[in-house]
There are 2 protein chains.
Amino acid sequence: MGTGLDLPLDEVLLGECISTLKRLPPASVHMIFADPPYNLQLKGTLRRPDDSLVDGVDDAWDQFQSFAAYDAFTREWLIEARRVLRKDGTIWVIGSYHNIFRIGALLQDLGFWILNDVIWRKANPMPNFRGRRFTNAHETMIWAARGPESRYRFNYAAMKALNDDVQMRSDWYFPLCTGAERLRDEAGGKLHPTQKPEALVARVLLASTAPGEVVLDPFSGTGTTAAAARRLGRRYIGIEQDPAYVAASEARLRQVVPMDESAALALPNKREQPRIAFGVLVERGLVPAGSALVDRNRRWRATVGADATLRCGTATGSIHKVGAALQAAPSCNGWTFWHVETADGRLRLLDELRQEIIGRDGG
Amino acid sequence: MGTGLDLPLDEVLLGECISTLKRLPPASVHMIFADPPYNLQLKGTLRRPDDSLVDGVDDAWDQFQSFAAYDAFTREWLIEARRVLRKDGTIWVIGSYHNIFRIGALLQDLGFWILNDVIWRKANPMPNFRGRRFTNAHETMIWAARGPESRYRFNYAAMKALNDDVQMRSDWYFPLCTGAERLRDEAGGKLHPTQKPEALVARVLLASTAPGEVVLDPFSGTGTTAAAARRLGRRYIGIEQDPAYVAASEARLRQVVPMDESAALALPNKREQPRIAFGVLVERGLVPAGSALVDRNRRWRATVGADATLRCGTATGSIHKVGAALQAAPSCNGWTFWHVETADGRLRLLDELRQEIIGRDGG
DNA sequence: ACTAGAAGTGAATCTCTGA
DNA sequence: GTCAGAGATTCACTTCTAG
């Protein structure tokens, strides 16, 4: 056991992933974005949990050995990631067909609850040079909550806004990280083999974190997650075992200018807005006691009581209950069902009146 | 041990998947297409915002006690599938995030060699009605050879021809199986809860089989694989445990008219309409978060958020909504209303920037 | 006959707060 | 922990119905 750390913030920690994770306090980060090694066969740098090197091998038996070693490594860092994750936090893991199936199965085995798999469709993938397969034009990200009961964060309204007011789908289209964004080594080549586009990670952060929350990347690499977090006003912790990448990250992060707080703030979900009781509208005289509410088609007309209950025929109760009863529906959102009639005969939705109050004094 | 079968051709066999597979001779089929149970684990009922009921998959065949039970079942049918597959044959398995990771890991564990994962992007997926996740807009197909040394078939030229003479990518865009193609029960409802579009399976067959070769579907359902195979001049074997589905398949297959290969390759390849959201301009930095947009007369100035929402006074929302709110108009096309200011003080319409992106990579 | 609008539907792990 | 109640939530496409 190494020395435990208080939660270090806005740092890229130099160290091996699993042992460094073990030094972080439990239930301390809001979100984890992980881009783990894809496959031992390709890289040859995979280490067993005891830190011994796994040799590249290609016969069937050793193939199995390799998968087992990869699984052991994956299981161990995922266990630590789950420990470090707050109860209602989520994890994102990106991979390709070489490793993502093993990761997904282990996530499920360890109790994580998959929320979506999200496809990164590459605008400019590398072609298949030998013409023996389909162009490998995507990677897969798994988004999972800590468990099935987690009350995780999903910035639905922000994602919808980002997608021209229709729900964001599970397939995302982004170009590869190229050009000026790509970090270079001294020879002008790419510094890191798999640097991810910052825009991809930014959408992940925008979807599943709030400004000020803490994002952990256990395979930090060139610091893309940290850079996106810093730009969007999130706190970050990176873990990276290669000192050259840590140094490059730090240089990179010094160049990142955080955006204005107001720009980083996403459109709030309606559930997150302050709750206004219908009674407030009555008390403030926007809907006077004794006045009438009608539905969109003026099919029903209900009377408002001084205690903010509605009455329509035999139905009595909250705006929701009466709306549901009249339509014989299992439920009804009274805010978007009932209207007041203005002096000139137009209808105004209760929800509009509520929005005015929220806009005026924040509830 | 049941009685062994000679290879039955162009039949849908009535029987349970694993025991029926065991009766087929080894190394006898060229390709397997499998659409196994997804193990959805749906709990309650789900209603649309209009209170209508969603008809979920609640069939007994999709119920498993645990991941372990699902894995045991999967392992067993995959072992038999591998036995039945010819040495140079390939297998396709389709699934969603509920099951595909387990299937992929087991394929690897059993010695299959993954060639690609292919994404079926749905043109018209069911939305996420509660706004708690991304629209689940795709399913995943894994394509694997029997082993790493297999000399598998891949009809590279045919795929390229189908895709306007560029390499076929690993993300495919198809609509759901609806309308006249969808088999109906006596009440006019869907006969099978998960019938796949024949066009999807047809592309699979065109990619990885030759005319006259034998295609096996161990979860035949309504016989989509058989129908596609018959239409494309391949031989087929289906296995299906529900007699009603077997009967429906046979009626369906009688209607299928075989076509020749050149006609199949000349089929129109419906392309997706490129749709650019304003969020794409923000994410790619063409309109950076925190920057300002103005209208033609510079009467209004709005700030761009990281989620592509605009903010101008109390108005917040999409470029369209904020434009409408400021003008007190019922609607507004934000693309032709808002401008960015260039360094030299000129105005550039958002619509121009969008056209540049469309021209560059189709979004 | 044609068109506009309404109705229906698809592999879905689909809420959250406060008492 | 449970439970009641407030209240948030849909896209693309096909088929049907009314005019």
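Given the structure is predicted, the values throughout are model-derived calculations rather than measurements. Sequence lines set the chain letters: A, B, ... in the order given, protein chains first and strands last, and positions in each chain run from 1.
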> How are the rings of A/F174 and A/W172 set to each other: parallel, tilted or perpendicular (split at 30° and 60°)?
perpendicular
> Using a heavy-atom cut-off of under 4.0 Å over every strand shown, decide if B/P36 touches base, sugar-phosphate, or nothing.
base
> Between the base of D/dA8 and the side chain of A/S331, is there a donor-acceptor distance below 3.5 Å?
yes
> Go through C/dT13, C/dC16, C/dC14 for me and flag the one nearest to the B/L46 side chain.
C/dC14
> Determine: side-chain N/O of A/R354 to OP1/OP2 of D/dA8, distance under 4.0 Å, yes or no.
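Answer is yes, contact under 4.0 Å.
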> What nucleotide, of C/dC16, D/dG7, C/dA11, holds the atom closest to the side chain of A/H320?
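Looking only at heavy atoms from C-beta outward on A/H320, the closest nucleotide is D/dG7.
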> Using a heavy-atom cut-off of 4.0 Å across all strands, would you classify B/N39 as base, sugar-phosphate, or nothing?
nothing
> Just call it for B/G179: base, sugar-phosphate, or nothing, with non-hydrogen atoms closer than 4.0 Å on any strand.
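Sugar-phosphate only.
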> Would you mind telling me which of D/dT9, D/dA8, C/dA12 lies closest to the side-chain atoms of A/R271?
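Closest of the options to the side chain of A/R271: D/dA8.
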> Decide side chain to side chain donor-acceptor pair (under 3.5 Å) for A/D165 and B/S318; before the verdict, give the C-alpha distance in whole Å, the side-chain angles of both, and the deciding distance to 0.1 Å.
CA-CA 7 Å; A/D165 286 334; B/S318 67; 2.8 Å; yes
> Quick test of the criterion, 5.5 Å between centres and less than 30° between planes. Is B/F129 stacked on C/dC14 or not?
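Per 5.5 Å and 30° rule: no stacking.
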> Is any side-chain N of the basic residue among B/K196 and B/D217 closer than 4.0 Å to the acidic one's carboxylate O?
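No salt bridge links B/K196 with B/D217.
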> Would B/V201 and B/E198 count as a side-chain contact (heavy atoms from CB on, under 4.5 Å) here? Give the steps.
CA-CA 5 Å; B/V201 183; B/E198 194 180 315; 5.6 Å; no
> Between A/Y156 and D/dT10, is there a side-chain N or O to OP1/OP2 distance below 4.0 Å?
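Looking at the OP1 and OP2 atoms of D/dT10, one of them is under 4.0 Å from a side-chain N or O of A/Y156.
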> Where each residue is assigned the nucleotide of DNA chain C containing its nearest heavy atom, which of A/R151 and B/G44 is assigned the position nearer the 5′ end?
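Upstream on the strand: B/G44.
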> Tell me: CD1 of A/I276 to P of C/dT17, nearest whole Å?
16 Å
> Starting at atom CZ of A/F154, determine the distance to atom P of D/dT9, rounded to an integer number of angstrom.
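Rounded to whole Å, this separation is 12 Å.
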> Do the rings of B/W335 and B/F278 sit parallel, tilted or perpendicular, given the 30° and 60° boundaries?
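Judged by the thresholds at 30° and 60°, the geometry between B/W335 and B/F278 is perpendicular.
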> Looking at the rings of B/W143 and B/W92, which for Trp means the six-membered one, are their centres under 6.0 Å apart?
yes
> Give one of base, sugar-phosphate or nothing for A/W143, where a contact means two heavy atoms less than 4.0 Å apart.
nothing
> B/N124 or A/N116: which one's nearest nucleotide on DNA chain C is closer to the 5' end?
B/N124
> What I want to check is whether an N or O donor and acceptor connect the side chain of B/R48 with the base of C/dG10 at under 3.5 Å.
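Pair found.
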> Can you check the distance between C/dT13 and D/dA8, where both ends of the measurement are the P atom (answer in whole Å)?
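These two P atoms come out 23 Å apart once rounded.
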> Under 4.0 Å between any heavy atoms, over every strand shown, what does A/K160 touch: base, sugar-phosphate, or nothing? Just pick one.
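The residue A/K160 makes sugar-phosphate contact but no base contact.
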> By the rule that syn is within 90° of 0, classify the base conformation of C/dT13 as syn or anti.
syn
> Using atom C1' of each nucleotide, how far apart are D/dG7 and C/dA11 to the nearest Å?
29 Å
> Using every non-hydrogen atom in the two residues, find where A/A315 and A/A325 come nearest and quote the distance to one decimal.
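Shortest heavy-atom contact: CB-CB, 4.3 Å.
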> In whole angstroms, how far is the P atom of C/dC14 from the CH2 atom of A/W113?
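Distance, rounded to whole Å: 7 Å.
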> Under 4.0 Å between any heavy atoms, over every strand shown, what does B/S96 touch: base, sugar-phosphate, or nothing? Just pick one.
nothing
> Using a heavy-atom cut-off of under 4.0 Å over every strand shown, decide if B/P175 touches base, sugar-phosphate, or nothing.
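No contact at all - B/P175 keeps every heavy atom at 4.0 Å or more from the nucleic acid.
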> Closer than 4.0 angstrom, basic N to acidic O: yes or no for B/D171 and B/R169?
yes
> Examine D/dT14: is either OP1 or OP2 under 4.0 Å from a nitrogen or oxygen in the side chain of B/T178? Give yes or no.
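Checking D/dT14 against B/T178, no side-chain N or O comes under 4.0 Å of OP1 or OP2.
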> Among D/dA8, D/dT10, C/dC14, find the nucleotide with the atom closest to the side chain of B/N128.
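So the nucleotide nearest the side chain must be C/dC14.
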> Please give, in whole Å, the distance from D/dT9 C1' to B/F134 CZ?
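Answer to the nearest Å: 17 Å.
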> Taking B/E139 first and then B/R121, would you say they form a salt bridge - that is, a charged N and a carboxylate O separated by under 4.0 Å?
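Between B/R121 and B/E139 there is no salt bridge, as every charged N stays at least 4.0 Å from the carboxylate O atoms.
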> Would you mind telling me which of C/dA12, D/dC11, C/dA11 lies closest to the side-chain atoms of B/D35?
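Nearest to the side chain of B/D35 among the choices is C/dA11.
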> Closest nucleotide of DNA chain D for A/R169 versus for A/P330: which of these residues is on the 5' side?
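Looking at DNA chain D, the more 5' nearest nucleotide goes with A/P330.
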> With respect to the side chain of A/R275, which nucleotide from D/dA6, D/dT9, C/dA11 is positioned closest?
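From the listed options, D/dA6 comes nearest.
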> Find the distance B/N99:CG to C/dA12:P and express it as a whole number of Å.
13 Å
> Within the 4.0 Å heavy-atom criterion, would you say A/V166 contacts the bases, only the backbone, or no part of the nucleic acid?
sugar-phosphate
> State which of C/dC14, D/dT9, C/dT13 makes the closest approach to the side chain of B/R132.
C/dC14
> Classify the angle between the aromatic ring planes of A/W300 and A/F337 as parallel (below 30°), tilted (30 to 60°) or perpendicular (above 60°).
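It falls in the tilted class, 30° to 60°.
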> Classify the nucleic acid contact of A/I114 as base, sugar-phosphate or nothing, counting any heavy atom under 4.0 Å across all strands shown.
base
> Nearest-Å distance, CD (A/Q167) to P (D/dC11)?
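Atom-to-atom, A/Q167 to D/dC11, this comes out as 5 Å.
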> Nearest heavy atom decides the nucleotide; on that basis, is B/A180 or A/W335 closer to the 5' end of DNA chain D?
A/W335
> Distance check needed: C/dG10 P versus B/K122 NZ, whole Å only.
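One finds 12 Å between P of C/dG10 and NZ of B/K122, rounded.
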> Distance between the C1' atoms of C/dG18 and C/dC14, in whole angstroms?
22 Å
> Would you say a side-chain N or O of A/N269 is under 4.0 Å from OP1 or OP2 of D/dA8?
no
> If you count heavy atoms of other groups shown closer than 6.0 angstrom to CZ of A/R75, is the number above 12?
no
> Test for a donor-acceptor pair under 3.5 Å between the base of D/dA4 and the side chain of A/K321, counting only N and O atoms.
no
> Would A/R102 and A/D109 pass as an ion pair if we require N to O under 4.0 Å?
no
> Using the C1' atom in both, what is the distance from D/dT10 to C/dT9, to the nearest Å?
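It comes out at 12 Å once rounded to the nearest Å.
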> To the side chain of B/D50, which of C/dT9, D/dA8, D/dA12 is closest?
C/dT9
> Just to be sure I follow the notation: if a pair is Watson-Crick (purine N1 to pyrimidine N3 plus N6-O4 or O6-N4) or a G-U wobble (N1-O2 and O6-N3), each under 3.5 Å, what dot-bracket string does DNA chain C give, with | for pairs to another strand?
.|||||||||....|||||
> What's the closest nucleotide to the side chain of B/K190 if the choices are D/dA12, D/dA8, C/dG10?
C/dG10
> Consider the side chain of B/R130, meaning its heavy atoms from C-beta on, and name the nucleotide among D/dA8, C/dT9, C/dA12 that approaches it most closely.
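That would be D/dA8.
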> Given atom CG of B/D55 and atom C1' of C/dT9, what is their separation to the nearest angstrom?
9 Å
